[in-house]
Amino acid sequence: TVDSYLEQRNLTDKIKSEETLYSAKKGVYYKEVVFKDEPHMTYVIQPIGTRKGIFAEGFDTETKKSIKDAKYNDFDQNFKP
C-alpha cells in the first residue's frame, strides 16, 4: 500500500532512504521515509485501514516533533492501493 502510494504520487525517485516497519498495535506495515530535498525530516507513511486510506506525517529527525506544514504531509481517506 505504501509503495503504491509513493508511486502514484511520483515520490519514489525523491526518496533518500526508507525503512519498512510493522506496527503490531495497529496491525499494519508502514514506512519511515527521508526525501532527498528534506534530509532533516523523517516521514511516517502508513495506511489508515486495511482497505483504503493513507496518511503521511513529517517529523524533525532530531527532535521527533511533528511538523504541521511539512512539504509531503498528506491525508487521503479515499486512497486505494
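- You'll find the side chain of Q46 stays beyond 4.5 Å of the side chain of I54, heavy atoms only.
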| said: The test is side-chain contact (heavy atoms from CB on, under 4.5 Å); show your working for Y29 and V2 and say whether it passes. | reply: CA-CA 8 Å; Y29 284 94; V2 175; over 6 Å; no
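- Using a 4.0 Å cut-off between a side-chain N of Lys or Arg and a carboxylate O of Asp or Glu, K52 and D76 do not qualify as a salt bridge.
- Across all non-hydrogen atoms, the minimal contact from A70 to G58 is CB-CA, 4.1 Å.
- Put simply, the side chain of D60 never gets that close to the backbone of S66: no donor and acceptor are under 3.5 Å apart.
- For the atom pair T12 OG1 and D3 CG, the distance stands at 7.5 Å (nearest 0.5 Å).
- Comment: E18 engages K31 in a salt bridge, judged by a side-chain N to carboxylate O separation of less than 4.0 angstrom.
- With T42 contributing its side chain and V34 its backbone, the two residues share no donor-acceptor pair below 3.5 Å.
- Residues S17 and V33 have side chains not in contact (no heavy-atom distance under 4.5 Å, counting atoms from C-beta outward).
- Between F59 and Y43, the distance from one ring center to the other does not fall under 6.0 angstrom.
- With hydrophobic clusters built from ILVMFWY side chains whose heavy atoms lie under 4.5 angstrom apart, F79 shares a cluster with L11.
- D74 has its side chain within reach of Y5: a pair of non-hydrogen atoms, C-beta onward, lies under 4.5 Å apart.
- Summarising the geometry, atom OH belonging to Y72 is positioned 10.5 Å from atom CE belonging to M41; distances are rounded to the nearest 0.5 Å.
- Looking at heavy atoms from C-beta onward, K14 lies out of side-chain contact with K36 at the 4.5 angstrom threshold.
- The aromatic rings of F55 and F75 lie tilted to each other, with the angle between the two planes from 30° to 60°.
- Using a 4.5 Å heavy-atom cutoff, the side chains of F35 and K71 are not in contact.
- Under the 4.5 Å side-chain criterion, counting only non-hydrogen atoms from C-beta, Y30 is not in contact with I45.
- Counting heavy atoms of neighbouring residues, nucleotides and ligands inside a 6.0 Å radius, atom CG of D37 exceeds 12 of them.
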